[in-house]
Amino acid sequence: SPITLKAYEDRIATHPSPLARRLLKIMTDKKTNLCVSLDVDTKDELLRLADTLGPYVCVFKTHVDTIEDYTYESVIVPLVELSKRHNFLIFEDRKFADIGSTVKSQYTSGIFKIVQWAHITNAHALPGPGIVDGLCAGTKDISEERGLLLLAEMSSSGSLATGDYTDKTVDLARRNKLFTFGFIAQNRLGADDEDFIIMTPGVGLDDKGDGLGQQYRTVDDAVSGGSDIIIVGRGIFAKGRDAVAESKRYREAGWKAYTARVK
Ligand code: S5P
């Protein structure tokens, strides 16, 4: 039977993570649980989508290392400006997977300086507690809220992140709930009163897969299974699709599925 959960609005006051509280407030105010994955390869496309789809989303997810003409000044500065104008959070889908000391440098330094601008980033649990400690240490001098999602399950066919690995990932998140506010997952994880935020990729209304292992579920399947935020990429911006119309469609489907699930 489908999971019932508290309303986003009722979770704002009680959530342990400041970043999650800010996110739940945005979702409530804008009536959207849609995260669009901006997997494009030029800055113009990225910024155009961020501007035109901004009103419909709570979060924009980026893979900033795939932008051909990337510079901090020409990509990050305007993206942060758009995030303020349209009131969305930025999620750099970096999938950190190294020892604490290395991920701390990858998070804070180089040409991307992810911690400076990405409200959310994510990491694999594989290396153990040091990865969370290293990333958390990287937020030390940042005054704005920052949050981490652990990859507890993946959408791809044959994923190894199942069973015991998933359970141990949840345990790892429990060690630092101020910073680790949720999971990339396909199912509800953690106890109800822990209130982890579940963000779910592999959502598509028109496709079943992409020929490279991606698997799509419908919005209803994802949300009734316990997802708080649906992540949609090519379902919205693939060639031939009207990204604005598709964003409205996924936002409506996501909100309807959420309303049906809420207590
Ligand atoms: O398990 C996962 C985790 C992630 S973060 N499966 C995924 O597909 N993702 C990401 O979500 C992936 O890197 C891509 O950016 C997005 C899905 O894109 P789509 O075009 O298939 O919707």
Side-chain angles (χ1 to χ4, degrees), residues 23 33-42 45-46 49-50 53 56-67 70 79 88-97 103 112 114 118-126 131 135 147-163 165-166 169-170 173 180-189 196-223 225-243 246-247 249-251 253-254:
L23 175 56
N33 53 15
L34 173 63
C35 165
V36 172
S37 186
L38 294 176
D39 300 334
V40 292
D41 44 28
T42 65
E45 264 181 294
L46 179 91
L49 288 171
L53 311 187
Y56 313 109
V57 307
C58 54
V59 178
F60 269 124
K61 190 173 82 55
T62 53
H63 285 295
V64 78
D65 56 350
T66 67
I67 305 291
Y70 169 88
L79 184 62
F88 59 75
L89 298 184
I90 308 170
F91 168 14
E92 169 57 19
D93 185 3
R94 175 61 178 75
K95 296 187 179 73
F96 292 101
V103 297
F112 298 123
I114 295 166
H119 306 97
I120 304 171
T121 193
N122 57 356
H124 289 290
L126 189 74
I131 192 166
L135 291 169
L148 177 71
L149 298 165
L150 291 178
L151 285 122
E153 293 174 324
M154 294 195 70
S155 59
S156 41
S157 167
S159 162
L160 307 182
T162 60
Y165 182 91
T166 301
T169 303
V170 176
T180 315
F181 70 98
F183 302 102
I184 297 289
Q186 298 294 310
N187 298 287
R188 191 88 215 150
L189 295 172
F196 288 116
I197 301 227
I198 309 293
M199 294 187 61
T200 306
V203 174
L205 292 170
D206 305 308
D207 305 310
K208 290 273 165 276
D210 67 355
L212 289 174
Q214 178 65 299
Q215 309 176 105
Y216 293 111
R217 288 193 296 164
T218 64
V219 174
D220 280 349
D221 283 351
V223 174
S227 173
D228 292 312
I229 296 176
I230 52 169
I231 300 177
V232 185
R234 288 163 289 180
I236 284 175
F237 67 75
K239 226 179 166 58
R241 288 185 172 148
D242 174 342
E246 293 299 337
S247 293
R249 177 179 173 223
Y250 278 92
R251 176 214 188 176

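Numbering of ligands and ligand atoms starts at 1, following listing order. We use all heavy atoms of the structure for the numbers below, so side chains are in, but hydrogens, waters and symmetry mates are not.
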Side chains of [X] and [Y], heavy atoms from C-beta outward: is any pair under 4.5 Å?
X: Arg234; Y: Asp39; value: no
X: Lys95; Y: Met154; value: yes
X: Phe60; Y: Leu46; value: no
X: Thr218; Y: Leu205; value: yes
X: Phe196; Y: Leu189; value: no
X: Leu148; Y: Phe181; value: no

Polar contact flag, side-chain donor to acceptor under 3.5 angstrom, Thr62-Glu92: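 Note: Thr62 and Glu92 side chains meet the donor-acceptor criterion.
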[X], any N or O under 3.5 Å of ligand 1 N or O:
X: Ile231; answer: no
X: Lys61; answer: yes
X: Ser37; answer: yes
X: His63; answer: yes

Within the 6.0 Å centroid threshold, strictly below: Phe112 and Tyr70: yes
Gly235 near ligand 1 by a heavy-atom separation under 4.0 Å: no
Close approach, Met199 and ligand 1, non-hydrogen under 4.0 angstrom: no
Name the closest protein heavy atom to [atom], giving the residue it belongs to and the distance to 0.1 Å.
atom: atom 6 (N) of ligand 1; answer: Ser155 OG, 2.7 Å
atom: atom 17 (C) of ligand 1; answer: Gln214 NE2, 3.6 Å
atom: atom 22 (O) of ligand 1; answer: Gly233 N, 2.9 Å

Atoms of ligand 1 close to [X] [distance to a heavy atom under 4.0 angstrom, numbered from 1]:
X: Pro201; result: 1 (O), 2 (C), 3 (C), 4 (C), 6 (N), 7 (C), 8 (O), 9 (N), 11 (O)
X: Asp93; result: 5 (S), 10 (C), 13 (O), 15 (O)
X: Asp39; result: 14 (C), 15 (O), 16 (C), 18 (O)
X: Arg234; result: 19 (P), 20 (O), 21 (O), 22 (O)
X: Tyr216; result: 19 (P), 20 (O), 21 (O), 22 (O)
X: Ile184; result: 3 (C)

Test item: His119 side-chain N/O and Gly147 main-chain N/O as donor-acceptor pair under 3.5 Å: no
Cationic N near anionic O, under 4.0 Å, Arg249 to Asp206: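 Looking at Asp206 together with Arg249, the answer is yes, because their closest N to O distance falls below 4.0 Å.
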